[in-house]
Amino acid sequence: MRTQPVLVYDGDCGFCTASVAFARKWIKPRCEITAQQGAPLEALGITRRRAEYEALWVTPDERVHGGAQAVAGVLSSAGGGWVVVGALLRLPPMRWIAHGVYRLIAANRHRLPGGTAACALTPRASGSSRGAKPGSA
């Protein structure tokens, strides 16, 4: 069993990678941080499809939180004042607002600083479900 949480993010996305670099430098979360492309997803209890859809926070007891709740986990793990911010993101109505903001950012991450075409969450012609909400296809 792991002793610390794991943040899984999209390592192909420049915006996501820049966000992780910012978190490492300024927020200093107490967790393992790994790109989904090299992560042992099955061992973490997550599917590639979900890992492509949103950032994921996997707790040591194997609970998985995605999107804004993954961000809340990162903030809460950092200690100090970040714990308060992380806790607020878990409570309604902030939880609902955070979810909407996360989805808006995720849908437009290719347009944000550091973003590239690889960041876009659109279905590929090859039949990939990238961009489709888990369980929706």
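Sequential numbering from 1 along the given sequence is applied to the chain's residues. Everything quoted here is computed from the prediction, not taken from an experiment.
- Interatomic distance, CG of Leu44 versus OG1 of Thr34, reported as 8.0 Å (0.5 Å rounding).
- The CH2 atom of Trp57 lies 12.5 Å from the CD1 atom of Ile46; values are rounded to the nearest 0.5 Å.
- How far CH2 of Trp82 is from OG of Ser77: 11.5 Å, rounded to the nearest 0.5 Å.
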Should Leu41 and Val8 be marked as a side chain to side chain contact (heavy atoms under 4.5 Å, CB included) after you check the CA-CA gap, both sets of side-chain angles, and the distance that decides it? CA-CA 9 Å; Leu41 298 180; Val8 180; 4.1 Å; yes
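- Within the 4.5 Å cutoff, the side chain of Leu7 has no heavy atoms near those of the Glu32 side chain.
- Between Arg48 and Glu52 no salt bridge is recorded (no basic side-chain N to carboxylate O distance below 4.0 Å).
- When the options Val58, Val71, Thr59 are evaluated for a side-chain contact (heavy atoms from CB on, under 4.5 Å) with His65, the one that passes is Thr59.
- Note that OG1 of Thr47 and CG of Leu56 are 8.0 Å apart. Values are rounded to the nearest 0.5 Å.
- One hydrophobic cluster holds both Tyr102 and Leu75 under the rule that ILVMFWY side chains link at heavy-atom gaps under 4.5 Å.
- Hydrophobic clustering of Ile, Leu, Val, Met, Phe, Trp and Tyr side chains at less than 4.5 Å, counting indirect connections, unites Val74 with Val20.
- Using a 4.0 Å cut-off between charged nitrogen and carboxylate oxygen, Asp10 and Arg109 count as a salt-bridge pair.
- Between Arg2 and Glu62, some side-chain heavy-atom pair lies under the 4.5 Å cut-off.
- Using a 4.5 Å cut-off on side-chain heavy atoms (C-beta onward), Leu89 and Arg95 make no contact.
- Glu54 has a carboxylate O that lies under 4.0 Å from a charged side-chain N of Arg103, or vice versa, which qualifies the two as a salt bridge.
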